[in-house]
Asker: 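Sharing a structure here in C-alpha cells format.
Every heavy atom of this structure was used, including side-chain atoms; hydrogens, water molecules and symmetry mates were not.
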Amino acid sequence: MSETFETFDFLVNDEDEVMLLLYEREGEPGSTSHIEFDIESKSALLFRSENDVIELEDIPDNILDSIQDADKLLICELSKEQDEDGDNAIRYAYEADINL
C-alpha cells in the first residue's frame, strides 16, 4: 500500500466531538471496533477488526484533550479513488469504543 494511503487525520466539530479520517482498508470493519489511546506517547491502536490493527502516531494534543470525555470515536474510511470533483467517497462510517 502506498504511504499516501497510510495517512490519517482527526477533525473536531463545534461540540468538541472527534472524528478520525483514514483511507479504506481491505475488508469491512468489525462489529467490535475499538481504539486504545496512549496519552503519554501520543499514539493509539485502532482495532478495526479481529485481524486488522492500525497504529496511529503523533496525535495532536488538542485531539487527546477532546477524547478525554468521549466514549466513542466516529471513524470514516475514505475511498482511495476520487470522483470527478476530486473528492473521496466515504466507504465505511462506524463508531469505535474509546479506551484510555
Asker: Within a reach of under 6.0 Å around CD of E28, are more than 12 heavy atoms found that belong to other residues, nucleotides or ligands?
Answerer: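 12 or below, so no.
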Asker: Do Y23 and L74 sit in one hydrophobic cluster, given that two such residues count as connected whenever their side-chain heavy atoms are within less than 4.5 Å of each other, even indirectly?
Answerer: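 No, because Y23 and L74 fall into different hydrophobic clusters, even though each may have its own neighbours under 4.5 Å.
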Asker: Measure across E81 and N88 and return the closest heavy-atom pair with its distance rounded to 0.1 Å.
Answerer: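 Closest approach of E81 to N88: O-ND2, 3.8 Å.
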Asker: Mind listing the closest non-hydrogen atom pair of R25 and E77 along with its distance?
Answerer: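 It is N-OE1, 3.2 Å.
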Asker: Identify whether V12 and I59 are in the same connected component of the hydrophobic contact network (ILVMFWY, side-chain heavy atoms under 4.5 Å).
Answerer: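 Cluster IDs for V12 and I59 match.
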Asker: Tell me every residue that passes ring pair (Phe, Tyr, Trp, His ring centres under 6.0 Å) with F47, counting only those two or more places apart in sequence or in another chain.
Answerer: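 Ring pair (Phe, Tyr, Trp, His ring centres under 6.0 Å) check on F47 returns H34.
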Asker: So for atom CG, which belongs to D85, do other residues, nucleotides or ligands contribute more than 12 heavy atoms lying within a distance under 6.0 Å?
Answerer: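 Yes, CG of D85 has more than 12 neighbouring heavy atoms, counting only those of other groups under 6.0 Å.
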Asker: Taking atom CD1 of I98 and atom CD of E36, what is their separation to the nearest 0.5 Å?
Answerer: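 Atom-to-atom, I98:CD1 and E36:CD are 12.0 Å apart.
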Asker: Roughly how far, to the nearest 0.5 Å, is CG of N99 from CD1 of I35?
Answerer: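 One finds 9.5 Å between CD1 of I35 and CG of N99.
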Asker: Sequence neighbours left out, what pairs pass salt bridge (Lys or Arg N to Asp or Glu O under 4.0 Å) with at least one residue falling in residues 86-100?
Answerer: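 Qualifying pairs: E24-R91, K72-D97.
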Asker: Rounded to the nearest 0.5 Å, how far does CD1 of I63 lie from CG of L56?
Answerer: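 Nearest 0.5 Å value for the CG-CD1 distance: 11.5 Å.
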Asker: Can you tell me how far CG of N13 sits from OG of S66, rounded to the nearest 0.5 angstrom?
Answerer: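 Those atoms lie 9.0 Å apart.
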Asker: Who passes side-chain contact (heavy atoms from CB on, under 4.5 Å) against I39, sequence neighbours left out?
Answerer: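 Testing I39 for side-chain contact (heavy atoms from CB on, under 4.5 Å), a comparison that skips the adjacent residues, returns F37, L64, I67, Q68, L100.
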Asker: Residues in ring pair (Phe, Tyr, Trp, His ring centres under 6.0 Å) with F10, at least two apart?
Answerer: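 Applying ring pair (Phe, Tyr, Trp, His ring centres under 6.0 Å) to F10 gives F8.
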Asker: Please list, chain by chain and in numerical order, all residues satisfying side-chain contact (heavy atoms from CB on, under 4.5 Å) with E55, sequence neighbours excluded.
Answerer: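 So E55 forms a side-chain contact (heavy atoms from CB on, under 4.5 Å) with L45, E57.
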Asker: Tell me, which pairs form a salt bridge (Lys or Arg N to Asp or Glu O under 4.0 Å) where one or both residues lie in residues 58-70, sequence neighbours left out?
Answerer: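 Non-adjacent pairs meeting salt bridge (Lys or Arg N to Asp or Glu O under 4.0 Å): K42-D61.
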Asker: So, taking the atom named CG in L78 and the one named OH in Y92, what distance separates them when rounded to the nearest 0.5 Å?
Answerer: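 Going from CG on L78 over to OH on Y92, the span is 12.5 Å.
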Asker: Any side-chain donor-acceptor pair under 3.5 Å between D38 and S43?
Answerer: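 No, no side-chain donor-acceptor pair sits under 3.5 Å.
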Asker: Taking all atoms of both residues into account, what is the closest heavy-atom pair of G30 and S49, and its distance?
Answerer: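 Smallest heavy-atom distance, with atoms named: N-CB, 3.7 Å.
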Asker: Which atom pair, heavy atoms only, marks the closest approach of L46 to L22?
Answerer: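 Taking every non-hydrogen atom into account, CD2-CD2, 4.0 Å.
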